[in-house]
Amino acid sequence: MIRSRLNVQQKQLFSIFKRTVHQQAETAVDDPKLHHSSTAIQRGKPKIPSKDPLVKNFLVGFVDKQLLAFPEVIPRDDFAKLEKDTWGMVNYFKDSFESTITSQTLNDLKSLGLFGLNIPQLQGGKGYFLSESLLIAEYENISASLGTLFSSHRSVIDVITECGTDLQKEKYLSQLADGSIIATDAIYEIEPTKDDLFNTKATYDVDDHVWILNGEKSFVVNGPTSDLFLVMAQSNPMSLEHEHQICCSIFLLDANTPGVTKESSENKFGDVGVKTCAVSFKNVKLNETNIIGGKMQNHKVGEVYMKYSRLRSSLVQLQLSKKILNHLTSYCINTKQCGTFLKDMDNIKDKIASLLCPIYAVESMIYYTAGMVDEFEDQDVTLETAITKYYSSMTLMKAASCAMEFMGPKALLKGELAEEYFRNAAELFTQGEPIESLRSFIALTGLQHAGVAMQDDVFRSRNPLFNPMHMFKKFIKSSNVDDISTSMGLNEYVHPSLAGPAECIEHCVARLQLCVEMLFNRYGNEIVQRQVEIAKLTEIISTCYAMFSSVSRASRSYCIGLTLSDNELLAATAICLDGKERVKVLAQEIMKGPYLTNDNNLQRMSKQIFKSKHYFIAHPLTYNY
Amino acid sequence: MINFHRTLRAVIQRNLRIPQNSFTRNLSSDESQKKKEKAKLPIVRNPFDNAQQKTKETFVDMVSIFEKRDVHRRNHVEFIYAALKNMEEFGVHTDIEVYKSLIEVMPKGKFIPTNIFQAEFMHYPKQQQCIIDLLEQMEDNGVIPDYEMEAMLMNVFGKRGHPLRKYWRMMYWMPKFKNLSPWPVPNPAPSDIQELATLAVERMCSIDIKSKIEMFHTEEVEDSIDKTWIISGMSEEQSQLLTEHKKPNPIYIEGPSLIWLRNKSVHYFTLRSDPDLEKLEKYKKRQIEDTDDVSKLSTPFFGTMTPPRPSALAKQRSVHEQNDGTIFAICATGTSTKDSLLSWIRLLEKSNPCLSEIPVLFKFKSIVGSNIVPVSTESDKKKPLDLEKIKVV
């Protein structure tokens with residue numbers, strides 16, 4: 001009975017999708033632009049028009065119920081074909097693979113076509129779209145080194161295919177596809193900047209019509225053997241109007257351009273296979289063809305780059321987390337302590353399972369987000385990708401520290417597998433943008449979206465004496481975070497066993513919306529400076545997305561009866577129950593404000609620390625008189 | 001007998017200069033009678049005035065002599081007052097042991113009230129007031145009593161005595177006040193002048209946590225006359241402000257000003273300019289911002305913690321830019337002379353090359369001579385400066 005009801009719903013859902021796909025196919029013929037983009041991708045389903053951003057709308061309290069259906073972007077036939085294609089690859093990585101990358105390995109990888117996974121077939125690549133290329137990347141992610149190498153290589157390719165000019169595509173893509181040149185990004189710098197985004201400066205020489213690049217980039221993944229750099233540099237403000245805007249330009253730069261020097265490789269904590277190094281630029285002359293994304297579109301290019309690089313690097317992190325989990329499992333099975341196997345101890349069981357949950361959530365988020373990118377035309381997934389990266393980083397660190405808890409000093413013994421995992425985890429955790437900045441990015445991107453939608457409301461609430469009616473209405477329908485009731489009906493779009501978790505999502509989203517409203521009312525646009533509340537908001541937002549994607553995935557798996565899918569239900573339920581409690585606590589804290597929570601106390605103490613410049617507290621044994 | 005008492009009081013009052021109201025009422029009504037009596041009786045001398053060596057040892061000796069002199073310990077209140085008055089001269093005004101020995105002078109048991117009326121109506125008021133005054137003096141000198149003193153007071157006045165109440169209040173408040181200063185100075189303050197100057201400059205520069213305190217030696221400057229040290233405090237931000245200073249406008253070396261560290265003082269000088277009114281006006285304009293508009297929030301980008309705000313991008317007013325002027329640096333020199341200050345500017349030039357292009361003027365608040373003493377204790381201050389050697393600038 002339940003099944004049949006579900007089937008009806010699922011059918012309804014899928015029919016909606018099919019209808020839109022059909023419409024899209026019709027319009028595609030008329031619109032040359034869309035036609036163009038669909039040929040560029042070449043494979044897979046044609047994309048359908050974009051939906052409103054999913055997670056951004058969580059902040060205004062809206063959930064797109066239709067998106068609860070987990071995206072199935074790879075058609076069934078293609079999926080079988082993909083498995084067949086990758087057979088050789090699977091065997092290659094299964095047989096023998098060492099973590100150091102030699103020229104022999106590189107040649108092998110070239111012949112396997114791994115360098116051109118996401119390059120259109122016209123230019124000699126495999127032409128896989130995002131979900132497919134992520135799926136295949138899982139095999140090579142057997143080594144974290146290869147994972148990071150490829151994730152930066154492919155992210156640069158993604159930028160070229162999406163934002164590059166035809167000339168740039170022609171020039172680079174075919175070479176990138178066969179691996180004769182390897183690309184990487186050069187974005188981060190070792191020295192913090194004072195006022196600008198980057199210390200690397202690009203100045204435009206009006207007479208010679210060239211850009212002159214000066215500066216140094218650090219932590220360039222695979223720097224020593226890379227041939228193409230994606231460089232972000234501070235450029236002149238375009239006009240007086242933009243005096244206060246930060247302007248950066250993004251360049252594609254050959255490693256053999258005069259003035260580019262690769263410094264010796266950096267001595268790092270982990271990830272020994274792939275070297276990173278600093279790259280310095282001294283009066284490097286670049287012309288218009290080197291600029292990617294034109295003059296004013298650099299922000300968009302940056303976003304495209306971040307979108308792909310975040311997603312790809314979270315996949316590398318996910319694979320490592322999984323490996324740590326597997327390692328721990330076998331350790332617990334084989335280790336006996338005072339007559340009991342670790343695997344039979346309740347606390348160990350608890351820990352292992354609570355490690356599985358976030359890993360499950362990360363995996364769901366990665367493929368859910370990639371699915372959205374592949375399914376919809378130009379879908380806004382900025383927030384989704386950022387959350388995925390954030391969540392996967394946190395999960396990875398949790399897994400790595402879990403190993404230390406279980407194994408004790410053995411976990412850090414040189415030569416132990418756990419030790420290598422730990423070093424690599426630390427490396428991956430710190431790679432790319434710092435977690436703290438990701439944290440503020442997530443909440444602020446969400447707030448930016450919510451701010452536009454809630455502007456009028458916020459203005460009225462912040463000026464209550466001018467808007468008495470508004471205040472009166474608000475007073476009447478006042479709701480609080482402690483005890484919330486919702487009627488979004490999300491449970492109608494998932495398997496009935498997941499009705500409870502679906503309700504959790506509803507509650508969390510409703511609480512999130514109340515928090516956003518409260519923060520806007522309390523701080524106005526000064527919320528940008530309230531980093532403590534921002535971090536809490538980030539935690540809520542990312543928990544909401546983790547819950548949403550896990551439930552969506554578990555529902556699909558259980559409906560189609562994948563192996564051990566009942567455990568997926570358990571995982572999704574656990575994630576939701578845990579998430580609900582966490583969100584409730586955080587939301588209550590936000591509602592209470594800094595003075596009723598611990599925030600203000602901490603702020604005051606930190607003030608003294610900076611004033612004294614050291615640990616200032618008197619020794620406990622000191623006498624005063 | 002009455003006569004004798006009168007005489008004694010008169011003598012003690014003269015010697016100890018105790019205010020009359022704290023003494024007896026009908027005493028000095030008749031001056032001539034007093035003089036006659038004085039002539040008849042042997043003069044009781046204040047033993048503290050006559051002491052040859054004014055050290056702790058003699059002080060304690062005198063107290064013990066008084067104790068042993070006779071069983072009745074006559075005039076012990078007067079003795080304690082006299083002792084209190086002279087403590088500072090003997091350098092024992094911060095010594096708790098000495099205060100204790102003074103309390104020890106009081107007879108035990110006699111002053112303990114035996115009923116509630118005695119307790120409430122200040123049994124033996126003169127004696128109680130005397131010890132309260134002693135405690136007051138301890139408090140004024142920042143001496144925190146200890147538990148032994150509590151036991152002593154208990155033995156003399158009982159647990160309902162007023163001195164004990166005073167003691168308990170002191171024990172509540174004094175430890176709390178002791179470490180309240182945000183700029184603690186070691187107790188006693190160092191007597192080394194240079195150390196003291198470093199402490200002073202450090203404390204003044206704490207307004208900007210990035211301040212750097214440097215020690216220069218004027219020997220490094222080629223044509224310096226005074227060979228001395230300079231403690232100079234300047235922060236990165238102040239350096240930046242100095243480079244932004246509009247060149248033709250002069251900057252001033254202003255001083256000497258006085259800063260006190262406990263009972264010692266240090267002369268210091270500031271390098272400052274007149275306020276840049278135009279700039280200050282600009283800062284004021286920028287402060288006005290509509291916080292209600294949430295529709296244009298910006299997001300961070302590539303590894304920055306917070307997004308840039310228009311007001312964050314614009315320069316913030318620094319703490320060194322005050323309404324009455326911009327302060328660039330502070331210093332104290334070993335001699336506080338014009339020449340040592342000149343050397344200071346020369347030495348600052350090394351890290352702030354822009355100084356060589358800015359006219360620097362002296363703006364002295366008081367007479368600055370070649371041999372002015374930069375650090376002086378209170379006793380130093382009483383001595384008049386050697387006016388002959390001071391050149392008025």
Side-chain angles (χ1 to χ4, degrees), chain A residues 187-189 192-193 195-198 232 243-246 248 299 302-303 305-306 382 432-434 436-456 458-463 519-520 523-529 531 534 608 610-613 618 624-625, chain B residues 96 138 142-150 167 170-180 182-184 187 202-203 205-213 236-237 240 286 289-316:
Chain A
I187 296 170
Y188 301 100
E189 295 170 354
T193 52
D195 302 319
D196 305 329
L197 268 179
F198 302 108
M232 302 209 180
E243 196 184 1
H244 290 315
Q245 254 178 29
I246 282 175
C248 81
H299 213 279
E303 256 170 33
Y305 169 77
M306 288 321 270
T382 327
E433 57 205 322
E436 203 52 52
S437 92
L438 197 56
R439 212 174 255 148
S440 59
F441 176 83
I442 293 170
L444 287 174
T445 312
L447 286 173
Q448 192 181 40
H449 176 83
V452 178
M454 294 159 93
Q455 167 60 34
D456 289 346
V458 172
F459 186 78
R460 282 198 207 112
S461 305
R462 279 175 69 81
N463 298 288
L519 287 177
F520 273 148
Y523 300 116
N525 62 13
E526 274 170 354
I527 179 67
V528 176
Q529 257 111 37
Q531 283 100 352
I534 282 178
Q608 187 56 50
F610 290 124
K611 213 167 154 189
S612 316
K613 297 184 199 170
N624 194 20
Y625 52 86
Chain B
I96 186 167
M138 280 175 71
V143 184
I144 302 179
D146 61 4
Y147 295 121
E148 198 192 346
M149 189 172 270
E150 184 184 24
Y167 166 88
M170 279 166 74
M171 282 303 262
Y172 180 80
W173 285 111
M174 289 183 74
K176 287 185 175 52
F177 286 134
K178 190 186 172 192
N179 294 319
L180 218 54
W183 297 282
N187 191 14
E202 258 174 23
R203 269 151 193 71
C205 288
S206 67
I207 187 80
D208 184 341
I209 58 168
K210 289 191 87 184
S211 292
K212 243 171 79 183
I213 314 294
E236 228 174 78
E237 206 175 352
Q240 186 62 32
R286 270 169 194 156
E289 206 176 320
D290 179 19
T291 53
D292 290 346
D293 185 9
V294 292
S295 61
K296 291 183 215 79
L297 299 180
S298 47
T299 55
F301 197 60
F302 292 115
T304 48
M305 292 278 191
T306 46
R309 296 184 71 193
S311 63
L313 275 178
K315 286 227 168 67
Q316 300 275 322

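To find a chain, count down the sequence lines: A is the first, B the second, and so on, and within it residues start at 1. These numbers come from the heavy atoms of this one structure, side chains and all, not from hydrogens, waters or symmetry mates. This structure is a prediction, so every number in the text was calculated from the model and none was measured.
- By the 4.5 Å heavy-atom criterion applied to side chains, A/Ile527 and B/Val294 are not counted as neighbours.
- Side-chain contact between B/Ile209 and A/Lys613 is present, with heavy atoms from C-beta onward closer than 4.5 Å.
- Minimum heavy-atom separation, A/Val458 to B/Asp292: CG1-O, 4.2 Å.
- Both the backbone and the side chain of B/Asp293 come within contact range of chain A, each with at least one heavy atom under 4.5 Å from a heavy atom of that chain.
- A 4.5 Å side-chain heavy-atom check between B/Thr291 and A/Arg462 finds at least one atom pair inside the cut-off.
- Rounded to the nearest 0.5 Å, atoms OH (A/Tyr625) and NZ (B/Lys178) are 10.0 Å apart.
- For B/Met171, the part lying under 4.5 angstrom from a heavy atom of chain A is the side chain only.
- The local environment of CZ in A/Phe459 is sparse, with at most 12 non-hydrogen atoms from other residues, nucleotides or ligands closer than 6.0 Å.
- Within 6.0 Å of CD in B/Glu236 there are 12 or fewer heavy atoms belonging to other residues, nucleotides or ligands.
- Residue A/Ile534 does not touch chain B at all, counting heavy-atom pairs closer than 4.5 Å.
- Note that CD of A/Gln448 is 10.0 Å distant from OG of B/Ser295, once rounded to the nearest 0.5 Å.
- The greatest number of non-hydrogen atom pairs below 4.5 Å with chain B, out of A/Gly451, A/Ala443, A/Ser461, is found for A/Gly451.
- Using a 4.5 Å cut-off between heavy atoms, A/Val452 touches chain B through backbone and side chain atoms alike.
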